[in-house]
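Treat the numbers as computed from the prediction; the structure is a model and nothing was measured. In each ligand, atom 1 is the first atom listed, and ligand 1 is the first ligand listed.
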Amino acid sequence: MNVITTVADMIAARERLPRPLGLVPTMGYLHEGHMTLARCARRDCRSVIASIFVNPTQFGPNEDFAAYPRDMERDLAMLTNEGVDIVFAPTVEEMYPQGFSTYVNVEKVTDVLEGARRPGHFRGVATVVTKLFTVIRPDRSYFGQKDGQQVAVIKRMTADLALGTEIVVVPTVREPDGLAMSSRNVYLTPAERAAAPVLYRALCRARDMHKDGIRDANALRAEVTRMIVAEPLATLDYVSVADAATLQELEAVDRPAMISLACRFGRARLIDNVVIGQG
Ligand code: AMP
């Protein structure tokens, strides 16, 4: 496995790779969720590149950019194991050279949910992903359903700007008790870790209600809210039942929808979602 740290070397290397070429963008501190994306790419593509870059522009001034967990050595060993061909791990200066002043703004779908609570977050995500697509030119790019709004934003942006890569969405990988895997789970104390599976339990309850024929979105929001506020260690930020593509809130669940939430447990802000009414 080859580790590349400069844009110039990455552009030269991409030209030599057999196609199709798959890209797995990450911020590192890898877990089984990331590994599943890499495995899907390995299965589908002749060449696989994983990127590791903690992207400063997608963190707000009071967020955890400096504290974000990092372990490059362990990450490289894991990716070698998965048969990844190249790891692109640029420095901040390499991705944002002096004078950098071009950003990608995806409108509307970024106005709600995480976009509303984390101003500038999706501008940072859209900008860095566009740059990765431009430098690497992948045929397929792999993203996790775990970050449901990110998937909607990247799909919108890729279609709007004809970025020429297929977006492959991989189902959320969970711990045995249902907690969605996340690099930020390391922030949880043992008591918070024990309480956190309530998020997925609540989402599953709402999904079951929908399966039982309940179409009133407010009833689903109310049940998820009720279950989570009953957990003393949880501070609920939002519960949403929204159109799966536009993320506009629904009154009636009459189309594919995403039930999503954000919740704080101590230092950790966790997000999770399930998709309902699809297929
Ligand atoms: P991150 O390193 O957190 O930026 O995540 C990199 C990619 O891995 C994103 O596409 C995430 O959606 C995806 N990902 C993170 N956690 C999971 C998970 N538990 N299951 C599936 N994909 C995930």
Would you please determine whether H31 falls within less than 4.0 Å of ligand 1 on a heavy-atom basis? yes
Would you call R174 and D272 a salt bridge, using N to O less than 4.0 angstrom? yes
Grab the two heavy atoms, one from L270 and one from F265, that are nearest each other, plus how far apart they are. CD1-CD1, 4.0 Å
among protein heavy atoms, the one nearest atom 4 (O) of ligand 1 is M27 CG, 3.5 Å
Salt bridge check, D177 against R193: does any charged N sit closer than 4.0 Å to a carboxylate O? yes
Does a side-chain N-to-carboxylate-O contact under 4.0 Å join R264 and E192? no
The reported gap from CD1 in I4 to CG in D9 (rounded to nearest 0.5 angstrom) is 6.0 Å
Please report whether ligand 1 has a polar contact with M181, defined as an N or O pair separated by less than 3.5 Å (distance criterion only). yes
Pair K131 + E94, salt bridge at N-O below 4.0 Å: no
Numbering as shown, the atoms of ligand 1 that approach F143 to under 4.0 Å (heavy-atom distance): 10 (O)
Just distances here: any N/O of G144 and N/O of ligand 1 closer than 3.5 Å? yes
Is any N or O atom of V173, backbone or side chain, closer than 3.5 Å to an N or O atom of ligand 1? yes
What part of P25, side chain from CB on, backbone N/CA/C/O, both or neither, has a heavy atom under 4.0 Å from ligand 1? backbone
Heavy-atom contacts with L37 under 4.0 Å: which atoms of ligand 1 show up? List them by number with element. 7 (C), 8 (O), 10 (O), 13 (C)
In terms of heavy-atom contacts, S183 and V186 come closest through O-CG2, 3.3 Å
If you draw the axis of the six-membered ring of F122, does the NZ or CZ of R117 fall within 45° of it and under 6.0 Å from the ring centre? no
At a 4.0 Å threshold, what atoms of ligand 1 neighbour a non-hydrogen atom of G33? 18 (C), 20 (N)
Atom 23 (C) of ligand 1: closest protein heavy atom, distance to 0.1 Å, is K146 CB, 4.0 Å
Any N or O of D147 closer than 3.5 Å to N or O of ligand 1: yes
One finds that the ligand 1 atoms under 4.0 Å from a non-hydrogen atom of T172 are 20 (N), 21 (C)
Using a strict 4.0 Å cut-off to heavy atoms of T26, name the atoms of ligand 1 that fall inside it. 2 (O), 6 (C)
State whether a side-chain donor-acceptor pair under 3.5 Å links Y68 with N55. no
Which residue owns the protein heavy atom closest to atom 1 (P) of ligand 1, what's the atom, and how far is it? H34 NE2, 3.6 Å
Have a look at ligand 1 and work out which part of P171, if any, has a heavy atom under 4.0 Å from it: side chain, backbone, both or neither. backbone
Side chain to side chain contact (heavy atoms under 4.5 Å, CB included) for E249 and V112? Distances and angles first, verdict last. CA-CA 9 Å; E249 291 299 315; V112 296; 6.0 Å; no
